[in-house]
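Encoded as structure tokens, the structure appears first; notes follow it.
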Amino acid sequence: MKKTIITATFLAMFVLGTVPTYAQIASNNTVQLDQSIRPFHIRIPDAKITDLKARLRNTKWPDKELVNNETQGVELATMKSLAEYWLTKYDWRKIESKLNSYPQYITNIDGVDIHFIHVRSKNKNALPIIITHGWPGSVIEQLKIIEPLTNPEKFGGKKEDAFDVVIPSIPGNGFSGKPTELGWNPVRVAKAWITLMDRLGYHKYVAQGGDWGNAISENMALIAPKSLLGIHTNMAATVPSEISQALAKGIIPADLGPDEKNAFMQLDFFYKKGLGYANEMSLRPQTLYAIDDSPVGLAAWMLDHDDRSQKLITRVFAGQQEGLSKDDILDNISLYWFTNTGISSARLYWEASQGSTAGFFDPRGLKIPVAVSAFPDEIYAVPKTWAQRAYPKLIYFNKLEKGGHFAAWEQPELFTKEMRNAFRSLRSDL
């Protein structure tokens with residue numbers, strides 16, 4: 001029998017038949033478990049919600065920006081609108097109830113508690129998929145696609161389109177544990193995900209991710225190609241070396257096709273004007289005390305992730321209808337706030353930068369099947385020519401007309417169709 005160490009409090013919970021909440025686990029730091037998988041239930045204490053509202057009321061606001069656009073950062077009007085809605089109309093208990101409507105679990109891998117959602121399809125031939133969020137995302141990004149993937153017949157698909165869905169929280173994010181030692185970079189997270197899928201009894205499966213989710217999925221492909229049938233990415237690492245060199249010199253190559261030129265200009269903008277948050281988190285994540293102390297500070301930092309997402313969110317809080325609602329946006333920000341993971345999530349950027357000279361979008365030399373969805377408002381919309389060079393076994397490519405960095409969250413119907421089409425050819429390999 002595998003050794004298990006638990007506290008008397010934790011043992012009593014199981015004897016009494018109760019499921020520990022996040023707050024109970026977080027306050028009971030001596031709990032250590034082996035490879036067991038135990039149910040997880042979220043219940044944020046009322047006192048934490050009261051504290052959030054008090055901090056929102058007492059926000060110390062800066063002066064208005066000196067320009068009539070977002071070039072100096074997230075605009076004051078946007079943040080005041082967000083804070084007012086957060087304080088007076090937003091209800092955390094709705095998303096808490098939604099999260100708790102799905103089977104959630106905790107298991108300890110490599111010394112860190114890993115939180116994950118696991119929904120099995122009723123179809124016994126369902127294809128297992130592990131989906132990884134990025135920053136500033138969370139498992140909330142994928143909630144809208146769980147039912148369409150696991151129960152396709154109810155959402156315009158066929159029985160044979162079904163997936164078993166596993167959605168973990170990256171260590172330091174959400175309800176997963178916070179690493180207390182160095183070394184939790186994307187490679188180590190990839191190894192943890194491979195262990196997780198094996199522990200769940202999945203020995204052949206696919207993976208999906210964008211942002212850090214892509215980096216983790218691609219590393220899984222390098223580490224466990226025999227288990228991983230293929231991956232899908234909505235933020236691919238495909239930038240050719242000559243393009244990276246041209247970007248560094250600020251010279252636009254003359255021989256670029258239309259999609260390649262568009263991608264080049266998107267990347268040029270990102271590296272010159274949109275990379276500030278990543279630079280700070282890569283170099284000095286611990287300096288960001290304000291995002292763990294101020295909800296408005298955290299929200300502004302998260303909104304200023306990429307230009308197109310920020311503009312979409314600005315439109316939402318100005319009263320326009322978009323793929324994301326005010327509640328959607330505040331669900332995710334509130335998750336970071338209540339779990340106090342502003343700085344702990346930022347450390348992944350620091351970890352990834354240690355000893356690595358590779359760029360985030362540099363090809364990694366994958367040899368397994370890869371599917372790519374190019375959304376126009378991503379940090380860069382991947383050209384098919386670059387995807388073909390980066391992925392010798394490119395099995396699917398689609399250029400979409402709508403969607404950005406949070407594609408599954410913003411455009412769940414399109415994203416679900418992409419998952420079905422991307423992996424259809426791999427199902428016979430199960």
Side-chain angles (χ1 to χ4, degrees), residues 56 59-87 89-90 134-138 140-141 210-211 234-235 247 250 262-285 287-288 290-291 293-334 336-337 342 345-346 349 360-361 375-381 401-407 409-411:
L56 288 168
T59 299
K60 183 179 179 181
W61 294 101
D63 296 333
K64 185 182 182 299
E65 61 278 358
L66 302 181
V67 292
N68 293 319
N69 52 48
E70 73 292 337
T71 55
Q72 289 191 338
V74 184
E75 296 170 85
L76 183 63
T78 298
M79 292 311 303
K80 285 197 168 183
S81 176
L82 181 152
E84 177 66 19
Y85 187 89
W86 205 356
L87 175 62
K89 296 181 180 179
Y90 176 73
W135 189 93
S138 67
I140 286 174
E141 279 186 71
D211 195 86
N234 54 292
M235 188 176 158
L247 285 163
N262 176 64
F264 184 96
M265 299 308 296
Q266 287 177 316
L267 287 164
D268 186 60
F269 177 87
F270 178 66
Y271 287 136
K272 288 179 179 176
K273 299 182 179 181
L275 200 56
Y277 75 94
N279 286 336
E280 180 67 17
M281 293 196 292
S282 295
L283 296 170
R284 313 280 285 182
T287 298
L288 297 170
I291 67 174
D293 182 64
S294 164
V296 167
L298 173 67
W301 186 258
M302 292 172 68
L303 261 59
D304 202 8
H305 170 266
D306 70 280
D307 182 61
R308 291 167 186 82
S309 294
Q310 181 190 326
K311 287 177 177 174
L312 181 149
I313 293 170
T314 297
R315 295 193 297 270
V316 169
F317 282 100
Q320 297 183 39
Q321 297 295 314
E322 293 285 350
L324 297 178
S325 68
K326 293 178 182 179
D327 281 353
D328 284 334
I329 295 158
L330 286 170
D331 287 342
N332 189 53
I333 297 171
S334 296
Y336 273 76
W337 176 257
S345 63
Y349 286 78
F360 191 83
F361 297 121
F375 288 89
D377 291 330
E378 183 52 273
I379 289 175
Y380 85 106
E401 296 184 357
K402 190 171 181 61
H405 188 72
F406 303 101
W409 198 21
E410 179 197 342
Q411 301 296 329

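In what follows, residues are counted from 1 in the order of the sequence shown. On a predicted model such as this, the values are computed, not experimentally measured, just so you know.
Counting only distance, with no hydrogens or angles, the side chain of E70 and the backbone of K311 share no donor-acceptor pair below 3.5 Å. A donor-acceptor pair under 3.5 Å is formed between the side chain of N332 and the backbone N or O of P136. Between the side chain of S334 and the backbone N or O of D331, no donor-acceptor pair lies under 3.5 Å. T59 places a side-chain N or O within 3.5 Å of a backbone atom of L56 that can act as its donor or acceptor partner. Between the side chain of E65 and the backbone N or O of L76 there is at least one donor-acceptor pair closer than 3.5 Å. Not one N or O on the side chain of S81 forms a donor-acceptor pair closer than 3.5 Å with the backbone of A77. Under the 3.5 Å distance criterion, the side-chain polar atoms of Q266 are matched with a main-chain donor or acceptor of P376.
For the atom pair OG1 (T314) and CD (Q320), the distance works out to 10.0 Å, reported to the nearest 0.5 Å. Note that CG of L247 and CZ of F264 are 4.0 Å apart. Values are rounded to the nearest 0.5 Å. Taking CZ from F406 and CG from L312, the interatomic distance works out to 10.0 Å, rounded to the nearest 0.5 Å. Separating the OH atom in Y90 from the CG atom in L330 is a distance of 6.5 Å, to the nearest 0.5 Å. Note that CG of L288 and OG of S345 are 9.5 Å apart. Values are rounded to the nearest 0.5 Å. Here the straight-line distance linking atom CD of Q411 with atom CG of L324 works out to 8.5 Å at 0.5 Å rounding.
The aromatic rings of H305 and Y277 sit tilted, their planes meeting at an angle between 30° and 60°. Taking the six-membered ring where the residue is Trp, Y85 and F317 present perpendicular rings, their angle passing 60° and hence far from 30°.
For A299 against L82, the heavy-atom pair with the smallest separation is CB-CD2, 4.0 Å. The two atoms that bring I333 and L303 nearest to each other are CD1-CD1, 3.8 Å, heavy atoms only. The nearest pair of heavy atoms linking A278 to Y349 is CB-CE2, 3.9 Å. W86 approaches V296 most closely through the heavy-atom pair CZ3-N, 4.5 Å. Looking at every heavy atom in both residues, G342 comes nearest to L298 through CA-CD1, 4.2 Å. Heavy-atom minimum distance, Q310 versus V74: NE2-CA, 3.7 Å.
Looking only at side-chain heavy atoms (C-beta outward), Y336 and W135 come within less than 4.5 Å of each other. Using a 4.5 Å cut-off on side-chain heavy atoms (C-beta onward), R308 and F375 make no contact. M302 places none of its side-chain heavy atoms less than 4.5 Å from the side chain of W337. In this structure the side chain of D328 reaches within 4.5 angstrom of the side chain of S325, judged on heavy atoms.
The number of heavy-atom neighbours closer than 6.0 Å to CG of N69, taken from other residues, nucleotides and ligands shown, is above 12. More than 12 heavy atoms of other residues, nucleotides or ligands sit less than 6.0 Å from atom NZ of K64. Within a 6.0 Å sphere centred on CZ of R315, heavy atoms belonging to other residues, nucleotides or ligands number more than 12.
Here the two rings, on F361 and Y380, have centers that are under 6.0 Å apart.
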